[in-house]
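Computed from heavy atoms alone, side chains included, the values below leave out hydrogens, waters and symmetry copies.
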Amino acid sequence: TFEPTIVGFTCNWCSYRASDLAGTARMKYAPNVRLIRLMCSGRLDPTFVLRALSDGADGVMITGCHPGECHYIEQNYKALRRYLLLKRVLVGMGIEPERVKLVWASAAEGAKFAAETTAFVEEVRKLGPLCWGKDEGERMKDESERHPSPRRIAHHPRIAVAFNFHHSAFIRSHMLTITDLHASAGS
C-alpha cells in the first residue's frame, strides 16, 4: 500500500510545541510527517513548499499560531496570504491543491495537531503518490511540454518575486482584507 511522505513546516512558538505535546502525551498520529521547525509560519517561503514537492514529498503541511496570536504580531496573516496564493499556483501547475494544508494550532492543542496530521495523511493517501518531476515515460514527457520542470519553477525569479509580499506593488494589487483572512482561516 502507498504510504505518503509529508513535510511539515511548523511554527516554533505554537505548532511545534503542539507536536511536542502530542508526543509527550503519547497521542497517536501518523508517523509519515517529517517536521521542519521555523521561527514563524510567516517565515515560510512558498518556494520551500515547491522544493519539498519536487524533491519527493507527496504533501506539505504548514502549521502556525492562530490568527491574531502570532508572537511576531501579524506574520501568520502573511503565511495565510502566501498559502492562498500558493494553492492557486499549484492548480496552474496541474497539482492538486489539497496536497498542501494550513493548520492553526496553539501550544496547548496537541490533540488537534495529532488529529489534523492523521487526517491530512489520509487525504494525501487517497490522492495517491505525487509523481511530479519523476520520469514516467511518455505521459510525463507530454505533460512536461505543458508544465515546466519543478526545479525550474521552485527557483524561477518570477516565482520568488510573486511570493515576495514585501514588494509594495504586489501588496497593493493582491491585498486581502483582514475580514477575508479571518473567513479563510475559519474554513
Side-chain angles (χ1 to χ4, degrees), residues 1-66 75-76 78-136 140 147 149-151 153-155 159 163 184-185 187:
T1 63
F2 166 64
E3 284 299 323
T5 301
I6 309 292
V7 173
F9 293 100
T10 62
C11 158
N12 178 62
W13 303 106
C14 285
S15 55
Y16 186 79
R17 300 188 190 235
S19 72
D20 191 42
L21 175 63
T24 56
R26 300 183 187 272
M27 296 175 193
K28 294 194 180 206
Y29 62 94
N32 306 53
V33 180
R34 308 296 183 264
L35 298 179
I36 298 172
R37 181 171 50 173
L38 302 172
M39 288 309 290
C40 178
S41 60
R43 169 62 183 92
L44 178 67
D45 185 324
T47 59
F48 296 171
V49 174
L50 295 175
R51 181 71 184 263
L53 294 172
S54 72
D55 284 347
D58 297 301
V60 175
M61 188 166 85
I62 304 163
T63 62
C65 306
H66 288 279
Q75 291 301 302
N76 51 10
K78 180 179 178 181
L80 179 58
R81 286 192 306 265
R82 287 179 170 180
Y83 167 75
L84 295 172
L85 181 59
L86 178 64
K87 287 185 76 104
R88 286 188 266 165
V89 169
L90 290 175
V91 168
M93 297 168 92
I95 297 173
E96 302 96 337
E98 297 83 15
R99 291 189 181 274
V100 178
K101 183 174 187 170
L102 177 64
V103 175
W104 305 124
S106 74
E109 293 180 310
K112 178 181 180 182
F113 182 87
E116 292 282 355
T117 299
T118 301
F120 184 55
V121 168
E122 289 305 315
E123 290 170 25
V124 173
R125 186 175 285 129
K126 288 177 187 170
L127 291 172
L130 175 63
C131 298
W132 190 44
K134 295 179 181 163
D135 186 19
E136 288 188 8
M140 283 303 289
H147 303 293
S149 150
R151 288 232 184 251
I153 290 169
H155 297 290
I159 294 291
F163 285 120
S184 295
S187 59

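- Considering all non-hydrogen atoms of both residues, Asn76 and Trp104 come closest at O-CH2, 3.4 Å.
- The one candidate from Thr63, Leu86, Leu44, Ile62 that meets the side chain to side chain contact (heavy atoms under 4.5 Å, CB included) condition with Leu102 is Ile62.
- Contacts of Lys87 classified as salt bridge (charged side-chain N to carboxylate O under 4.0 Å, His left out), with partners at least two apart in sequence or in another chain: none.
- In plain terms, the two heavy atoms of Phe120 and Arg99 that are nearest each other are CZ-O, 3.2 Å.
- Taking all atoms of both residues into account, the shortest heavy-atom contact from Met39 to Trp13 is O-CD1, 3.3 Å.
- Side-chain atoms of Ser19 come within 3.5 Å of backbone atoms of Tyr16 as a donor-acceptor pair (strictly under, hydrogens ignored).
- We find the CG-CZ distance between Asp45 and Phe9 to be 9.5 Å, quoted to the nearest 0.5 Å.
- Remark: Asn32 CG to Thr5 OG1 distance equals 7.0 Å, nearest 0.5 Å.
- Just one of Leu90, Val124, Leu53 meets the side chain to side chain contact (heavy atoms under 4.5 Å, CB included) condition when paired with Val60; it is Leu53.
- Closest heavy-atom contact between Ala105 and Cys14: O-CB, 3.3 Å.
- Taking both residues in full, the closest heavy atoms of Ser41 and Cys11 are given as N-CB, 4.1 Å, listed atom of the first, atom of the second, then distance.
- Counting heavy atoms from C-beta on, the side chains of Val100 and Met61 never come closer than 4.5 Å.
- Looking only at distances, no side-chain donor or acceptor of Asp58 sits under 3.5 Å from a matching main-chain atom of Pro129.
- Note: Leu80 CG to Leu85 CG = 11.5 Å, rounded to the nearest 0.5 Å.
- When all heavy atoms are compared, the tightest approach of Ala30 to Thr118 is N-OG1, 3.3 Å.
- Note: Met93 CE to Ser54 OG = 8.5 Å, rounded to the nearest 0.5 Å.
- To the nearest 0.5 Å, the span separating NZ on Lys126 from CD on Glu96 amounts to 14.0 Å.
- Rounding to the nearest 0.5 angstrom, the gap separating the NZ atom in Lys101 from the OG1 atom in Thr117 is 8.5 Å.
- Here the side chain of Arg34 pairs no donor or acceptor atom with the backbone of Gly8 at under 3.5 angstrom.
- With sequence neighbours excluded, the residues forming a salt bridge (charged side-chain N to carboxylate O under 4.0 Å, His left out) with Arg125 are Glu3, Glu122, listed by chain and number.
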